[in-house]
Each structure stands twice: as C-alpha cells, then as structure tokens.
Enquirer: 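Shown below is the structure under consideration.
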Amino acid sequence: MANGDFDATVEGIRTMRIRGAAAIANAAADAMAQAAVEGRKLEDARRTLLATRPSAVSLANAVNYVFECSESGEGPVADRVRRSAEDFKEYSAKAREGVIANARSLVVDYRRYLTHCNSTAVVNTFREAHRSGRRFEVYATETRPWGQGHLTVSSLAEAGIDVTLIVDSAAGYILSSEDVSAVLFGADTVTVNGSLVNKIGTSGIAAAAHSLEIPVYVLAETFKFAPTSIRPTIEERPPEEVLPEPIHGVRVKNPVFDVTPPEHITGIVTENGMIAPNLAREVSFRKEA
Ligand code: RI2
C-alpha cells in the first residue's frame with residue numbers, strides 16, 4: 001500500500017467514488033489498516049471515517065469492529081489491524097452470500113418486481129435467480145440525483161434479465177398499474193425498532209406499496225443493523241448534485257437517505273434468515289471482536 005492510501009480511501013468514500021453500504025464498510029475496514037501502516041492514530045482514523053457517510057451504520061460497524069479487534073492480540077498493531085480488516089471483509093462477503101441464498105425464494109417465475117437505487121444484495125439476488133433458470137421482470141428507478149439505478153439496470157440487463165428503467169416519480173404509478181408482486185430494497189441501516197434507513201425515495205415507494213398491499217422486503221446483512229437505539233442520521237449532500245447550475249434565488253436541499261417505518265416493511269432478509277421488522281433488536285451486529 002502506497003502512503004496516502006488512507007486519504008485516498010476516505011476521499012473515495014466521501015465523494016461516493018466508492019459507494020454502496022457493504023462496499024463502503026469494506027473500504028473503511030481497509031482504510032483502518034492503511035492508517036495503521038501509515039502510523040496514524042487509529043482513534044483519529046476512526047473519527048474521520050465515521051464522518052464520511054453518516055447514515056450507513058455498516059461503515060461504523062466495520063470501523064468499530066476493526067478498531068476493537070486491534071486493541072488486543074499479538075504482534076505489531078499494523079498486522080493486527082490488517083488481520084481484523086481482512087476478517088471483516090471475509091465476514092461481509094459470506095454474509096451477503098447468506099442474504100442472497102435466503103432471498104432466493106422471493107424471486108419466482110413470471111412475476112414482476114420493483115427496486116430502488118443500487119443494492120449489491122438485491123442485484124445479486126435477481127442475478128442468482130435468473131442464473132438458476134427463473135424468468136421474471138424488474139422495474140428499477142433511476143434514483144436521482146446520483147442515478148444509481150443506471151448501475152442496477154445495466155447489471156441486470158447484462159445478466160439477460162428483463163429490466164425496465166423508470167423515473168423515481170413513476171414508482172407509485174408502476175406499482176398500481178403493472179401488477180408488481182413485491183418490492184426489494186437494500187439497506188444502509190436497520191434501526192433497533194426495525195425502521196429502514198435507505199436511499200432517498202425508499203419511504204415513499206414503501207408507503208405506496210403498503211397502501212396497495214404489495215409486500216416490501218429489505219435485504220440486509222447483519223452488519224447493517226444498528227447495535228443500539230439510534231436516531232438515524234440523514235446525510236445531506238452538496239446542492240450541485242441536484243442543480244449543477246444554480247438558479248438565482250433558489251435554495252436546494254439534498255437529503256440522500258430517508259426512513260421507512262417498520263409497518264411498511266413485510267420482512268427483513270439477513271444471512272441468518274428472514275425476520276419481521278419488530279425483531280430487529282434481536283439481530284444487531286455483534287460479531288465477536
Ligand atoms: P448494498 C446505497 O447507498 C443505497 O441506499 C442502497 O440501498 C445501499 O447503499 C446498497 O447497499 P449509496 O451508497 O446492498 O448509493 O450494496 O448512497 O450493501
């Protein structure tokens with residue numbers, strides 16, 4: 001690792017060059033190891049990383065796990081931190097495989113699904129179902145302002161899946177008119193009471209699905225569960241992401257996450273199985289340090 005890797009990784013997470021709840025958690029774990037190699041104070045590195053994407057508890061769980069693991073054990077601290085980071089990433093990969101395996105039964109032949117943003121857990125669940133021979137359709141929202149939905153539709157189309165891109169504001173109409181069987185979301189944070197913190201727009205889609213009695217499933221590895229009752233932080237990003245050219249006299253507010261209440265969620269699929277949202281407090285990430 002070249003010097004300055006820590007700063008480059010932090011910048012990559014902050015600017016969303018590295019994005020996705022699992023991806024930023026893995027990158028943050030690596031950044032802790034980079035900080036140790038560069039001789040930085042791990043407490044400072046942890047604080048810097050936690051400030052990059054404040055809505056995703058996955059990043060906090062990863063950073064805290066690596067920090068706590070490296071506080072004890074044999075050998076140089078840089079080795080201990082690197083081992084802890086690799087341990088977290090291995091766990092993260094296995095957890096996602098577990099979520100995908102447990103979500104398989106949600107995606108069946110000749111049904112239509114809707115998803116929002118770009119969740120690796122959701123995209124890989126659709127790809128795995130298609131690989132196993134199931135044939136279904138997916139509607140994906142473009143997910144302004146960042147347009148993560150374009151990543152989703154490209155990945156699904158590349159796998160040969162019948163996918164349709166829609167604008168975010170069409171989600172309610174599609175749910176009410178296109179016989180959608182279920183909505184699948186990824187997750188940035190699942191709070192202790194079973195609320196979902198996810199990409200902005202999620203809560204509106206979930207409310208529409210709930211009113212139409214369309215089931216809503218969240219695919220979330222346990223490292224996305226908040227360990228204690230937290231007041232979700234809603235990250236706000238620069239206005240130019242919404243309006244590259246300012247309009248005189250016009251303010252822009254750019255919240256990039258929102259909170260979906262547990263009553264609008266049918267089930268949360270983890271690597272340990274599916275739970276009702278009100279059981280989230282039993283699941284929070286407690287990987288033994
Ligand atoms: P994985 C994304 O946030 C979205 O909220 C999405 O649901 C979640 O992270 C995906 O997480 P952003 O990084 O399923 O696009 O990929 O701001 O772990």
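Throughout, residue positions are numbered sequentially from 1 according to the sequence presented. Scope of the values below: all heavy atoms of this structure, side chains included, with no hydrogens, waters or symmetry mates. Just so you know, ligand 1 is whichever comes first in the structure, and atom 1 is the first atom listed for that ligand.
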Enquirer: With a 3.5 Å distance limit and no angle check, can you tell me whether T189 reaches the backbone of T191 through a side-chain donor-acceptor pair?
Expert: no
Enquirer: I need the C69 SG to R83 CZ distance, nearest 0.5 Å.
Expert: 10.0 Å
Enquirer: Can you tell me how far CD1 of I268 sits from CG of L279, rounded to the nearest 0.5 angstrom?
Expert: 9.0 Å
Enquirer: In ligand 1, which numbered atoms sit nearer than 4.0 Å to a non-hydrogen atom of N118?
Expert: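 Reading through ligand 1 atom by atom, the close ones are 6 (C), 10 (C).
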Enquirer: Would you say the ring centroid of Y65 lies under 6.0 angstrom from that of F223?
Expert: no
Enquirer: How many angstroms lie between CD in E221 and NZ in K94, if you round to the nearest 0.5 Å?
Expert: 14.5 Å
Enquirer: Quick one: closest heavy-atom pair of D162 and F136, and the distance?
Expert: CB-O, 3.7 Å
Enquirer: Starting from atom 11 (O) of ligand 1, locate the nearest protein heavy atom and write down its residue, its atom name and how far away it is, to 0.1 Å.
Expert: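 The closest heavy atom on the protein side is A21 N, 3.0 Å.
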Enquirer: Under 4.0 angstrom from ligand 1, any heavy atom of V256?
Expert: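 Distance cut 4.0 Å: V256 fails for ligand 1.
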Enquirer: Tell me the protein heavy atom at minimum distance from atom 7 (O) of ligand 1, and give that distance in Å.
Expert: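 So the nearest neighbour among protein heavy atoms is N198 OD1, 2.6 Å.
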Enquirer: Looking at atom 14 (O) of ligand 1, what's its closest protein heavy atom, distance included?
Expert: S119 OG, 2.7 Å
Enquirer: Please classify the M16 to ligand 1 contact at 4.0 Å (heavy-atom distances, strictly less than): side chain, backbone, both or neither.
Expert: side chain
Enquirer: Got the closest protein heavy atom to atom 5 (O) of ligand 1, with its distance?
Expert: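 The protein heavy atom lying closest is D188 OD1, 2.3 Å.
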Enquirer: Regarding atom 1 (P) of ligand 1: of the candidates V197, L59, T120, which has the closest heavy atom?
Expert: T120
Enquirer: Residue-level breakdown please: for K224 versus ligand 1, do any non-hydrogen atoms fall below 4.0 Å on the side chain, on the backbone, on both, or on neither?
Expert: side chain
Enquirer: Counting non-hydrogen protein atoms only, what is the nearest one to atom 15 (O) of ligand 1? Give residue, atom name and distance.
Expert: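 It is R19 NE, 2.8 Å.
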Enquirer: So, regarding A23 and ligand 1 (criterion: nitrogen or oxygen to nitrogen or oxygen, under 3.5 Å), is there a contact or not?
Expert: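 N/O-N/O distance below 3.5 Å does not exist for this pair.
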Enquirer: Between R53 and ligand 1, which part of the residue brings a heavy atom under 4.0 Å of the ligand: side chain, backbone, both or neither?
Expert: side chain
Enquirer: Can you check whether R144 reaches E241 side chain to side chain, under 4.5 Å on heavy atoms?
Expert: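 The answer is no; the side chains never approach within 4.5 Å.
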Enquirer: Give a yes/no verdict on whether any heavy atom in T143 is under 4.0 Å from an atom of ligand 1.
Expert: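 Judged by the 4.0 Å heavy-atom criterion, T143 does not count as contacting ligand 1.
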Enquirer: Check this for me - ligand 1, K199, N or O atoms closer than 3.5 angstrom, yes or no?
Expert: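 For ligand 1, there is an N or O atom that lies under 3.5 Å from one belonging to K199.
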Enquirer: Is it the side chain (CB and beyond), the backbone, both or neither of C117 that lies under 4.0 Å from ligand 1, heavy atoms counted?
Expert: side chain
Enquirer: Is the contact between Q148 and ligand 1 made by the side chain, the backbone, both, or neither, using heavy atoms and a 4.0 Å cut-off?
Expert: side chain
Enquirer: Pairs of nitrogen or oxygen atoms closer than 3.5 Å, one from G20 and one from ligand 1: do any exist?
Expert: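 Yes, G20 has an N/O under 3.5 Å of an N/O on ligand 1.
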Enquirer: Nearest 0.5 Å please: distance from the CZ atom of R135 over to the OH atom of Y110.
Expert: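 If we round to the nearest 0.5 Å, R135:CZ and Y110:OH are 9.0 Å apart.
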Enquirer: Taking the side chain as C-beta and beyond, is there a heavy-atom pair between I13 and L49 under 4.5 Å?
Expert: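 Heavy-atom side-chain distance check passes, below 4.5 Å.
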Enquirer: Mark the output for F257 as yes if a heavy-atom distance to ligand 1 is under 4.0 Å, and as no if none is.
Expert: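 Right, F257 reaches ligand 1.
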Enquirer: About how many Å separate OH of Y173 and CD of E178, when rounded to the nearest 0.5 Å?
Expert: 6.0 Å
Enquirer: What distance separates D258 CG from L196 CG, expressed to the nearest 0.5 Å?
Expert: 8.0 Å
Enquirer: Using every non-hydrogen atom in the two residues, find where V99 and V269 come nearest and quote the distance to one decimal.
Expert: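 Where V99 meets V269 most closely, the heavy atoms are O-CG1, 3.7 Å.
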Enquirer: List ligand 1 atoms under 4.0 Å from G186, heavy atoms only on the residue side.
Expert: 7 (O)
